[in-house]
Amino acid sequence: MTASLPQTGPEGGVAGVVVLAAGQGTRMRSSTPKVLHALGGRSMLGHVLAATAPLGARSTVVVVGAGRAAVEAHLAEVAPAALPVVQEEQRGSGHAAAVALAAVPDLDGPVLIVNGDAPLLRPGTVRALVDAHVAAGHALTVLTAVVDDPTGLGRIVRDEDGAVQAIVEERDATPEQRAVREINAGVYVGDAAALRRALGRLGEDNDQGEQYLTDVLALLAGDGDPVGGAPAEDPVDVLGCNDRRELAARRRTLNDRVLDELMRAGVTVVDPATTWVDVTVTVEPDALLEPGVHLRGATSVATGAVVGPDTTLVDCAVAEDATVVRSHCLGAEIGPDASVGPFSYLRPGTRLGRGAKVGAFVETKNAEVGEGSKVPHLSYVGDATIGRGSNVGAATVFVNYDGIAKHRTTVGDHVRIGSDTMLVAPVTVGDGAYTAAGSVIVSDVPPGAMAVARAKQRNVGGWVGRRRPGTASARAAEAAEQADTGTAGAG
Ligand code: UD1
Ligand code: CA
């Protein structure tokens, strides 16, 4: 959601883009403005802006109102070149469009106006509408779609010759008009001057008492201005999103599109139903995604890599032939042939070199694990640099936090860290050094040394027999002693 969108595109046929995003989105029942709800790694607004960006419009205006502070902050992040314009009172989509055009008085020529809640819109669909508009020489062209269930949408009213006459909202429609299955997609291209003229004349004489953008069409037609409707090639593109059920459905559709594209390009997706890939992710041919994989944000997966099952990667780079099994990774770079999991937790700043291994129940953060080095089991590696060919024994902890500040640990090449070592940072273990299992290492270990930092073992003989008589342990010890004596006697 934080990835910024392309700001310019190839020369297009529109001078401006207006996104209507001031509505409350009441049916979402959310404290988050509707257009900020996310799917496929982008906000709804982000998807609309991405669909219109390739038109290369000189100005993009986003009408904000409900939740405007949050929408403006989001815009500054994803589309800093877009101009937010405030619609103080939500008096309808037509009023919103008028407010937008008033904010850019110099804008003339064709303007694309689009609802902010159409997350499945694609650049090709928008482009086709603009092309149709320009080719026909219309004053206004509306994108339409023929759908099975038009419930809740504006209907396209055509005359006997098929010419578009009006758009009628469902709540204002006659029974005959309600039977029409061609609907208004909420995407329009109109000549700026014609739009300004018609928007100034909008009434509020409808069921909602609002200024409907849709009424502009009939007003222009009445003036004798040429208007028309251009059906979308894929009606799915125009589906809006008004509540959480539609949000889930749109998210599913978007994901299916992403996976279709990946599979067509040569990626194996074992179970599309449980694989979720953001639109911002790249996956190379011959990568394999097992069931239950979630790839988010700026994640990239290279050829030959195998991800999953049950793995989430956020902003991660997985190099060729690496494997990541049942793991959760954030902001990690996983090198070629490296292996992660099962059950690893890689946090930001993790960098695994070629052939490195991070195994079961290992957590890493700000940690470089060099080429061929291994952290196979049950360890925490935080703020660390590990060289090449080193091995970190099970249950090792890089003790990076003194309660106030974090410190770094450096482990050289071909080091053997014994199991259950505590490396208390800041500390350095030199090339080729060893640490004894169970050591607490608080000072640097020179190259080639064996560091032993633990209490010497002491066996208290016969303790169990004396202090725990009659227990299963005592009997087992006694039997072992007798067997030992017997063996010794037979010799
Ligand atoms: C609208 C269309 C309908 C079309 C449908 C497609 C109108 C009157 N109707 O209906 O014909 O079939 O979209 O999805 O436009 N907005 C503002 N300010 C306002 C009111 C709305 O910015 O004062 C914005 C909303 O944020 C939204 C867009 O305008 O992005 C459309 O408003 P919405 O209430 O969603 O209209 P629909 O009833 O869906
Ligand atoms: Ca809507």
Side-chain angles (χ1 to χ4, degrees), residues 12-23 48-49 51-52 55-65 82-118 121 125-144 154 156-157 163-169 184-206 210-230 238:
V14 297
V17 168
V18 171
V19 183
L20 306 181
V48 171
L49 290 168
T52 57
L55 293 175
R58 281 197 306 280
S59 45
T60 296
V61 178
V62 179
V63 184
V64 300
L83 174 70
V85 169
V86 179
Q87 183 194 21
E88 294 289 353
E89 257 182 285
Q90 278 68 69
R91 291 168 57 193
S93 53
H95 180 253
V99 167
L101 291 182
V104 281
D106 297 338
L107 189 70
D108 58 5
V111 177
L112 181 94
I113 303 179
V114 54
N115 287 356
D117 61 352
L121 211 53
T125 303
V126 178
R127 164 66 63 185
L129 171 68
V130 173
D131 290 349
H133 172 82
V134 171
H138 285 158
L140 179 69
T141 310
V142 55
L143 183 68
T144 75
I156 304 295
V157 179
V164 176
Q165 290 180 305
I167 304 168
V168 181
E169 293 306 294
N184 166 26
V187 187
Y188 322 77
V189 191
D191 175 70
L195 283 170
R196 286 179 209 277
R197 261 189 285 121
L199 286 168
R201 285 149 59 200
L202 283 181
E204 295 180 347
D205 181 19
N206 51 57
E210 289 187 349
Q211 295 178 28
Y212 286 167
L213 175 55
T214 46
D215 287 346
V216 162
L217 189 125
L219 281 173
L220 288 175
D223 291 349
D225 282 317
V227 300
V238 311

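The first residue in the sequence is number 1, and the count goes up from there.
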*Asks:* Shortest non-hydrogen contact from A97 to L213?
*Replies:* CB-CD1, 4.0 Å
*Asks:* Looking only at heavy atoms, which two atoms of A96 and L20 are closest? And how far apart?
*Replies:* CB-CD2, 3.9 Å
*Asks:* Which heavy atom of V164 sits nearest to which heavy atom of V227, and what is that distance?
*Replies:* O-CG2, 3.7 Å
*Asks:* How long is the gap from OH on Y188 to CG on L143, to the nearest 0.5 Å?
*Replies:* 10.0 Å
*Asks:* Closest approach of V111 and A192, non-hydrogen atoms and distance?
*Replies:* CG2-CB, 3.7 Å
*Asks:* Taking all atoms of both residues into account, what is the closest heavy-atom pair of L140 and L217, and its distance?
*Replies:* CD2-CA, 3.7 Å
*Asks:* Could you grab the distance from atom OG1 of T60 to atom CG of L83, nearest 0.5 Å is fine?
*Replies:* 9.5 Å
*Asks:* Can you list every salt bridge (Lys or Arg N to Asp or Glu O under 4.0 Å) pair that touches residues 88-110, not counting sequence neighbours?
*Replies:* R91-E204
*Asks:* Atom OH in Y212, atom CG in N184: separation rounded to 0.5 Å?
*Replies:* 12.0 Å
*Asks:* Between I167 and I156, is the side chain to side chain contact (heavy atoms under 4.5 Å, CB included) condition met? List the steps.
*Replies:* CA-CA 5 Å; I167 304 168; I156 304 295; 4.0 Å; yes
*Asks:* Of L121, T144, V238, which is the lone residue that meets side-chain contact (heavy atoms from CB on, under 4.5 Å) with V187?
*Replies:* L121
*Asks:* Specify the closest pair of heavy atoms between A221 and Q165, including all atoms of both residues, with the distance to one decimal.
*Replies:* CB-O, 4.1 Å
*Asks:* Identify the residue among V189, L55, V48, V17 that makes a side-chain contact (heavy atoms from CB on, under 4.5 Å) with V126.
*Replies:* L55
*Asks:* What distance separates R127 CZ from L112 CG, expressed to the nearest 0.5 Å?
*Replies:* 10.5 Å
*Asks:* Find the distance between CG (L219) and CG (L199) and round it off to the nearest 0.5 Å.
*Replies:* 9.0 Å
*Asks:* Counting only N and O atoms by type, is there a donor-acceptor contact under 3.5 Å from the side chain of N206 to the main-chain atoms of E210?
*Replies:* yes
*Asks:* Only pairs at least two apart or in different chains count here, so list each salt bridge (Lys or Arg N to Asp or Glu O under 4.0 Å) that has a residue in residues 188-201.
*Replies:* R197-D225, R201-D223
